[in-house]
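Notes follow once the structure below has been shown.
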Amino acid sequence: MAFRAFYALPAENFATSTGQHTNAVHGFVSMLLTMIRQQKPTHVAVAFDLDTPTFRSLEYTEYKGGRNKTPEEFYGQIDLIQEVMKAMNIPAITLESFEADDILATLATKGEEAGFDVLVVSGDRDAFQLITEKTLVLYPKKGISDIPPMDAAAVEAKYFVPPERYSDLAALVGETADNLPGVPGVGPKTAAKWLNLYGDLAGVLENIDAIKGKVGDSLREHVDNVTRNRRLNQLKHDLELPVTLEEMELQAPNREEIENLFDALEFNTLRKRLFDLFAAQEEEVAPEVAAFTRVVTDNAEALRGFMESGQGAAIALQPAVVDSEAVGLALYRGSEAAWLDLAELDEETQSVLAQFLADEQAPKIFHDAKAAMHLLIERGFTVAGIKDDTLISAYLIQPDRRSHDLVDVVQYHLKYAVPVHQAKKGELDLGLTSDLAEPTLAQAQAIHDLSAYLATKLVEKHADELAATMELPLIPVLFEMERAGVAVDVDRLHELRAHFTTQVDQATNAAFAAIGHEVNLSSPKQLQVVLFEELDLPRTKKIKTGFTTDAESLQDLLVKTGHPFLVALMAYRDAIKLRQTVDGLLKATHSDGRIHTTYAQTVAATGRLSSLNPNLQNIPVRSEEGRRIRDVFMVGEGYETLLTVDYSQIEMRIMAHLSEDEGLIEAYQNGEDLHRYVGSRVFNVAPEEVTSEMRSKVKAMSYGLAYGLSSFGLSKQLKIGVDEARKLMKDYFDRFGAVRTYLRSVVDQARKDGYTETIFGRRRYLPELNSSDRRLRDIAERAALNAPIQGSAADLVKVAMLKIAEGLEAGEYKSRMLLQVHDELILEIAAGELDAVQELVTREMGQAADLLVPLDVQPGIGRTWHEAAH
DNA sequence: GCAAACTCGTT
DNA sequence: GACGTACGAGTTTGCC
């Protein structure tokens with residue numbers, strides 16, 4: 001691992017002021033911290049090779065021969081790593097005449113015997129022989145985060161033999177890195193074929209004469225290689241180690257030693273990461289979980305009994321997931337729990353479970369029900385009767401938190417650490433005590449307990465009604481939208497990709513020609529050198545790393561200097577952004593020819609949905625070129641057309657409603673062109689005398705107000721003086737005074753209450769309104785201004801979606817909602833249903849709330865999203 | 001190799 | 001000295 005770190009990080013970038021290279025140390029410690037954070041081990045040890053002879057090199061002098069000499073810069077870094085381990089109170093183990101992997105093998109065996117789950121991290125494939133039900137191997141390819149631990153199934157998938165045969169396979173194939181030649185002409189495929197035919201290596205050698213062909217001859221000729229390889233690649237499991245398992249228990253680091261050591265190594269960001277990690281760990285409290293009875297529900301009768309004995313009490317459910325697939329399901333109902341192996345259900349049990357899951361009257365509690373629905377439907381189960389979702393509850397209680405992972409939520413509210421399971425794919429016998437069942441059952445129990453605890457919290461925060469009438473009912477609606485996905489024209493996507501690539505290339509060439517050399521146009525850092533040093537253009541706004549090269553500043557520079565490089569650079573930025581968008585869409589297109597986004601219901605603090613994997617809420621629309629991407633979203637087979645319906649000026653209307661400003665309300669009630677109307681009042685001219693320049697000024701101001709725009713911001717946006725902007729705002733507020741009163745009162749009220757509230761009662765808590773830090777307070781004030789407006793709009797759209805879903809179901813329409821883009825809904829319309837569905841959608845959107853101003857909705861029809869725009 | 005910074009698309 | 005909300009995603013760079 002240290003060696004990998006050494007080559008991953010450029011040595012020349014990592015040296016102390018005294019010249020000591022630290023890249024391997026930095027990389028190793030960085031990886032170790034990541035691993036501790038992700039895997040949360042209770043015990044940790046690190047094994048090192050020595051550079052003295054081992055029993056392998058004594059038996060076979062060429063062992064690991066032919067390797068390049070260790071680079072100069074690596075020397076000494078191993079000692080430094082060992083010093084860091086000492087300061088972290090992590091044993092660093094070496095053993096004369098043995099290799100690190102033998103130490104790991106011994107530790108794995110000892111750990112298993114002591115009842116531990118073991119995770120071996122090694123860059124040596126020989127470690128695969130250690131894999132068992134209790135031991136997994138992390139074999140880093142690129143990085144150590146984001147790679148699943150190798151289990152038996154993963155080894156089989158890759159090498160076609162189980163882990164206990166891996167060493168046999170390696171002996172036949174050979175290992176270049178260790179200078180262990182195998183049988184020429186034999187690769188993993190052939191080796192695996194033989195091993196599976198004859199059981200193991202001994203079997204292959206017994207039947208050596210039966211193997212035909214050139215490879216058979218080759219094997220017979222090199223059989224000595226094979227037996228030697230097998231002897232050498234066998235790891236030792238029974239070494240006398242200088243460290244006990246107890247001594248491996250992960251402890252807090254020795255702060256003083258770390259400080260001194262990291263001072264010397266000049267590690268500053270790592271120091272923070274290390275202390276942050278252990279600070280977080282110290283907070284964790286031991287679980288205080290009530291005991292419950294486990295019920296094995298491996299047959300229909302047992303499952304039915306479990307269901308019935310609960311007498312209709314809500315059941316918490318938690319799927320166990322391996323490789324994005326539900327392999328097990330834990331059910332918990334207070335003092336009693338059940339565990340189901342979803343892969344092994346007999347027909348009758350499957351049917352009992354299916355009936356329960358689909359029963360609207362059987363109340364269920366999930367943490368992230370929508371995700372569970374996707375997992376379960378792949379197993380043939382539909383889910384109804386979602387009584388509670390602790391993910392939603394946690395979000396409504398603290399909408400500003402970014403993540404509401406079960407682990408975090410339980411830790412925060414119930415003050416205990418819920419166990420997390422290691423995914424183990426090959427483990428098909430999922431008994432009640434399996435590594436998967438225990439933690440999943442504990443999670444289900446935690447969800448059950450959370451649900452009860454958060455229910456009172458919801459009431460305290462006045463979010464119970466919102467949960468019951470809006471967020472929970474929305475779950476199945478969003479689920480259906482995600483499941484449906486939207487059809488895309490893949491050929492068109494490829495054409496667009498080629499088109500934008502041409503533009504990227506042209507812009508790149510033009511940019512290089514303009515400055516006479518190449519540069520990475522995607523690197524702000526390099527662009528700064530070109531713009532502000534080579535070309536010596538006027539400096540732009542300061543940012544942390546120098547001067548910004550953002551689009552707005554580039555445009556300013558272009559106006560000031562007219563330099564052709566700027567033109568090319570801006571064209572490059574536009575084109576590469578569009579190509580990235582297209583690439584993302586291509587990557588996200590499923591085999592059904594559709595893109596299935598995921599709506600995050602618990603991310604945006606204002607109550608909006610967000611869209612991810614891919615984000616379909618930021619598909620370009622403003623530029624002509626970008627809009628072409630909207631043409632690839634098309635009506636799917638079996639449907640007639642797309643229908644888009646969006647609210648016009650929803651946030652302005654909500655501001656009119658909330659402020660009760662008579663002028664604004666009158667304008668909307670009379671159906672006037674709002675910006676023209678406002679313009680005529682602000683500039684004191686007749687409506688027909690409002691010029692387009694006046695109109696765009698008040699339009700920018702109107703929208704900006706809902707975001708907490710300052711006169712400075714307005715002046716910048718409109719490219720007018722601050723004085724003029726200030727006057728514009730004054731004139732605006734003179735005419736629409738209630739708006740100013742409202743905006744002020746929102747912030748004042750929020751400062752008193754600690755939260756803002758939408759029309760539908762959605763709260764956002766903003767404690768920083770009373771911060772002594774001016775910057776934080778300003779940010780909180782703008783959030784307080786915006787949250788009721790953006791949030792009410794989000795609520796309104798959600799209400800409309802619920803009504804539309806209801807209406808579609810009641811009318812037994814085949815048409816369906818596909819997408820939501822904050823104030824716009826996109827539906828796929830089945831043949832003959834257009835008129836009725838359009839009427840339904842526009843009606844429900846129009847009457848989603850009873851405001852002081854009318855809600856205006858605009859429908860559009862077309863074969864593609866672009867065509868359906870109006 | 002990981003995490004932060006920058007940039008930019010939408011509403 | 002900063003100055004418009006709410007997001008997601010891709011690329012580059014700093015780390016020492």
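Here is how names work: the chains are called A, B, and so on, in the same order as the sequence lines, proteins then strands, and each is numbered from 1.
- Residue contacts shown for Gln790(A) include a base, since a base heavy atom lies under 4.0 Å away.
- Classified by interplanar angle (parallel below 30°, tilted 30° to 60°, perpendicular above 60°), the ring pair Tyr703(A)/His675(A) is tilted.
- Applying the side chain to side chain contact (heavy atoms under 4.5 Å, CB included) test to Ala783(A) and every residue at least two apart in sequence or in another chain returns Arg764(A), Leu766(A).
- We find that CD of Gln820(A) is positioned 17 Å from P of dA6(C), with the value rounded to whole Å.
- Val621(A) meets the side chain to side chain contact (heavy atoms under 4.5 Å, CB included) test with Arg627(A), Arg630(A); sequence neighbours excluded.
- In this structure, Gln526(A) reaches the dT13(C) phosphate: one of its side-chain N or O atoms is under 4.0 Å from OP1 or OP2.
- Close to dG14(C), at under 4.0 Å from its OP1 or OP2, lies a side-chain N or O of Lys525(A).
- Within the 4.0 angstrom heavy-atom criterion, only backbone atoms of the sugar-phosphate kind lie near Ala605(A); the bases stay farther away.
- Among the protein residues, Leu9(A) comes within range of the nucleic acid bases, having at least one heavy atom under 4.0 Å from a base atom.
- We find that NZ of Lys272(A) is positioned 15 Å from P of dC15(C), with the value rounded to whole Å.
- Atoms CD (Gln38(A)) and P (dC2(B)) sit 8 Å apart, rounded to a whole Å.
- In this structure, Arg782(A) does not reach the dA2(C) phosphate: none of its side-chain N or O atoms is under 4.0 Å from OP1 or OP2.
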(request) Can you check each nucleotide of nucleotides 3-9 of chain B against protein heavy atoms at under 4.0 Å and return B for base, S for sugar-phosphate only, - for none, in 5' to 3' order? (result) S-SSSBB
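- Residues satisfying the side chain to side chain contact (heavy atoms under 4.5 Å, CB included) test with Thr18(A), not counting sequence neighbours, are Thr16(A), Gln20(A).
- Within 4.0 Å (heavy atoms only), Ser17(A) reaches no atom of the nucleic acid at all.
- Using cut-offs of 30° and 60° for the angle between ring planes, the Tyr7(A) and Phe3(A) rings count as perpendicular.
- Residue-level contact check: Asp583(A) touches neither bases nor backbone, having no heavy atom under 4.0 Å from any strand.
- Contacts of Leu265(A) with the nucleic acid, taken as non-hydrogen atoms under 4.0 Å apart, involve only primed sugar atoms and P, OP1 or OP2.
- For Asp405(A), the side chain to side chain contact (heavy atoms under 4.5 Å, CB included) test picks out Ser403(A), Asp408(A), with sequence neighbours left out.
- Side-chain N/O atoms of Ser710(A) include one lying less than 4.0 angstrom from OP1 or OP2 on dG4(C).
- Counting non-hydrogen atoms under 4.0 angstrom, Gly708(A) reaches the backbone sugars and phosphates but no base.
- Ranking dA6(C), dC2(B), dG10(C) by closeness to the Ala604(A) side chain, first place goes to dA6(C).
- In this structure, Asn268(A) reaches the sugar-phosphate backbone alone: every heavy-atom distance under 4.0 Å involves primed, P, OP1 or OP2 atoms, never a base.
- Between the CZ atom of Phe500(A) and the C1' atom of dG10(C) there is a distance of 16 Å, rounded to whole Å.
- Heavy atoms of Arg579(A) sit nowhere under 4.0 angstrom from any nucleic acid atom.
- Side-chain contact check for His822(A) and Gln790(A): no donor-acceptor pair (N or O, by modelled atom type) lies under 3.5 Å.
- Within the structure, side-chain hydrogen bond (donor to acceptor under 3.5 Å, both in side chains) pairs that include any residue of residues 23-33 of chain A comprise Asn23(A)-Gln77(A), Ser30(A)-Arg273(A) (at least two apart or interchain).
- As judged by a 4.0 angstrom heavy-atom cut-off over every strand, Arg764(A) is placed among residues touching the sugar-phosphate backbone only.
- When heavy atoms are screened at a 4.0 angstrom cut-off, Ala8(A) is found touching base atoms of the nucleic acid.
- What separates CG of Leu766(A) from C1' of dT5(C) is a distance of 12 Å, to the nearest Å.
- One P atom belongs to dA2(C), the other to dC6(B), and the distance between them is 13 Å to the nearest Å.
- Residue Ala783(A) has its side chain nearest to dA6(C) when only dG10(C), dA6(C), dG8(C) are considered.
- To the nearest angstrom, P of dT10(B) lies 13 Å from CD of Glu625(A).
- One C1' atom belongs to dC3(C), the other to dG9(B), and the distance between them is 23 Å to the nearest Å.
- With no hydrogens or angles considered, no side-chain donor-acceptor pair links Gln528(A) and Glu533(A) at under 3.5 Å.
- Listed nucleotides dT13(C), dC7(C), dT10(B) differ in distance to Val603(A); the shortest reach to its side chain belongs to dC7(C).
- Between Gln580(A) atom CD and dT10(B) atom P there is a gap of 14 Å when expressed in whole angstrom units.
- Using a 4.0 Å heavy-atom cutoff across all strands shown, Asp778(A) reaches no nucleic acid atom at all.
- At the phosphate of dC7(C), neither OP1 nor OP2 sits under 4.0 Å from any side-chain N or O atom of Thr606(A).
- Rounded to whole Å, the distance from OH on Tyr707(A) to C1' on dG4(C) is 8 Å.
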